[in-house]
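Structure first, commentary second.
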Amino acid sequence: MNTAPQFLDVQNGEYHTPEGKTGWFAKLFPTFVFYVKIVNVVFKASSIAKKGKYTVEEWAKSSYSTIQALESVGCKLHITGLDHIKGLSTPCVFTANHMSVLETFALSSIITPYRNMSFVIKKSLATYPVFRHVMMSVNPVVVGRENPREDLSIVMNDGQARLDSGSSVFIFPQRTRTKSFDPETFNTIGLKLAKRAGVPVIPVALKTDAWGQGKKLKDFGGIYPEKEIYIEFGEPMSIEGNGKEQHAKTIEFIENRFESWKNGDA
């Protein structure tokens, strides 16, 4: 299994941003400082990808550099439940709520030390100038988000091919990123893929609005260090019957985590 080195200091299945000092300029202009760093990360990764050398390790490095850039401007990350990934003996389907582009940038350095993975991404991410070279180098499943039936077929076929090759698949069942979690928009496509491929599903709860959405360019909004970042992986579940029970448990897991984070119980 092709996995990446562990760049994060994970202890007992968890990672929390260590206490540190943020420079005065980064405190005053977190968005500007962050984007100066992230542009460098993207251009460096794109250069490597164009040469056909963007390996799983390089992907994890780029992802870790994103986390470092966030932490350098005062953002704090809390990542829990990593032992659930570490304990897997098979690929899985990760199914998560979708809040910001932070997830696309940061998750690979969190997951790939344990399992190789592929994202299900919207077509626009595969056509961005510069960034497209990076995304297409990591073998994503690309959907158009215009024809649900066609997207389902692509995910079922291409997603199973990734799983059969030993790569886990990370999917956001919501059609678009949202500031809050709405169960009504959270479909069962991830569970359908897991059932078809005979692999477990891992629910993932994400609170990543520290990287905001822009008005003109949705993917590139402001950076808000006062909003702490939470990423939690739940226990693997086997899909039984029509998967309704596992779908309900996934929604319950995400809703409970949001409630906990809101109350400061995390």
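Not a single donor-acceptor pair under 3.5 Å links the side chain of Ser153 to the backbone N or O of Arg149. Without hydrogens or angle criteria, Glu57 side chain to Ala4 main chain gives no donor-acceptor distance under 3.5 Å. In this structure a side-chain-to-backbone donor-acceptor pair under 3.5 Å is present from Ser168 to Cys92. A donor-acceptor contact shorter than 3.5 Å links the side chain of Ser100 to the backbone of Thr208. Remark: side-chain polar atoms of Ser260 are not paired, donor with acceptor, to backbone N or O of Asn256 under 3.5 angstrom. In this structure, the side chain of Ser63 engages the main chain of Ala106 through a donor-acceptor pair within 3.5 Å. For Ser46 (side chain) and Val42 (main-chain N/O), no donor-acceptor pair under 3.5 Å exists by modelled atom type. Looking only at distances, no side-chain donor or acceptor of Asn97 sits under 3.5 Å from a matching main-chain atom of Phe181.
In this structure, Cys75 SG and Glu228 CD are separated by 9.5 Å, a value rounded to the nearest 0.5 Å.
Contacts of Glu232 classified as side chain to side chain donor-acceptor pair (under 3.5 Å), with partners at least two apart in sequence or in another chain: Thr80, Arg257.
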Walk me through it: do Tyr54 and Val134 pass the test side-chain contact (heavy atoms from CB on, under 4.5 Å)? CA-CA 7 Å; Tyr54 200 67; Val134 178; 3.6 Å; yes
Kindly indicate, with the supporting measurements, whether the criterion side-chain contact (heavy atoms from CB on, under 4.5 Å) is fulfilled by Met117 and Val56. CA-CA 9 Å; Met117 62 170 286; Val56 172; over 6 Å; no
Worked verdict on Lys192 versus Lys195 for side-chain contact (heavy atoms from CB on, under 4.5 Å): CA-CA 5 Å; Lys192 289 175 180 174; Lys195 181 178 180 179; 5.9 Å; no
Do Ser72 and Gln68 pass the side-chain contact (heavy atoms from CB on, under 4.5 Å) test, and can you show the C-alpha distance, the side-chain angles, and the key distance before you say yes or no? CA-CA 6 Å; Ser72 75; Gln68 289 180 305; over 6 Å; no
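Side-chain contact between Pro200 and Thr90: present, with at least one pair of heavy atoms (C-beta onward) separated by less than 4.5 Å. Taking 4.5 Å as the limit, some side-chain heavy atom of Phe233 sits within range of a side-chain heavy atom of Leu82. The side-chain heavy atoms of Glu71 and Leu77, taken from C-beta on, include a pair separated by under 4.5 Å. No side-chain heavy atom of Pro140 sits under 4.5 Å from any side-chain heavy atom of Ser118. Within the 4.5 Å cutoff, the side chain of Ile154 has heavy atoms near those of the Glu150 side chain.
Asp158 and Gln160 share no donor-acceptor pair across their side chains, judged by distance under 3.5 Å alone. In summary, the side chains of His16 and Glu14 do present a donor paired with an acceptor at a separation below 3.5 Å, with no hydrogens or angles considered.
Annotation: Glu226, atom CD; neighbour count of heavy atoms from other residues, nucleotides and ligands within 6.0 Å is above 12. Surrounding CD of Glu235 are at most 12 heavy atoms belonging to other residues, nucleotides or ligands under 6.0 Å away.
Closest heavy-atom contact between Lys27 and Thr22: CE-O, 3.3 Å. Of all the heavy atoms in Val155 and Leu193, the pair that sits closest is O-CD1, 3.7 Å. Across Ile85 and Arg115, no two heavy atoms sit closer than the pair CG2-CG, 4.0 Å. Counting all heavy atoms, side chain and backbone alike, Gln6 lies closest to Tyr114 at NE2-OH, 3.0 Å. Closest of all the heavy-atom pairs between Ile67 and Ser109 is CD1-OG, 3.4 Å. Between Ile171 and Gly190, the closest heavy-atom pair is CG2-CA, 3.8 Å.
A single hydrophobic cluster is not seen to contain both Phe94 and Met156; linkage of ILVMFWY side chains at heavy-atom distances under 4.5 Å, directly or through other members, places them apart. In terms of hydrophobic clustering, with Ile, Leu, Val, Met, Phe, Trp and Tyr side chains grouped at heavy-atom distances under 4.5 Å, Leu163 and Val141 are assigned to a common cluster. In the hydrophobic clustering of this structure, Leu88 groups with Ile231; members are Ile, Leu, Val, Met, Phe, Trp, Tyr whose side-chain heavy atoms approach within less than 4.5 Å, directly or through other members. Residues Val142 and Val93 do not share a hydrophobic cluster, defined by chaining ILVMFWY side chains whose heavy atoms lie under 4.5 Å apart. Hydrophobic clustering places Ile121 together with Trp211 (ILVMFWY residues linked when any side-chain heavy atoms are closer than 4.5 Å, directly or through intermediates).
Ion pairing of Lys262 with Glu259 is present here, as a side-chain N (NZ or NE/NH1/NH2) and a carboxylate O approach within less than 4.0 Å. Taking 4.0 Å as the cut-off between side-chain N and carboxylate O, Asp164 and Arg162 do not count as a salt-bridged pair.
Considering Leu206, Val204, Ile189, Val120 in turn, Leu206 is the only one that fulfils the side chain to side chain contact (heavy atoms under 4.5 Å, CB included) rule with Phe172.
A cation-pi geometry, defined here as NZ or CZ lying under 6.0 Å from the six-membered ring centre and within 45° of its normal, does not hold between Lys37 and Phe34.
Taking the ring centroids of Tyr230 and Phe258, they lie at or beyond the 6.0 Å cut-off.
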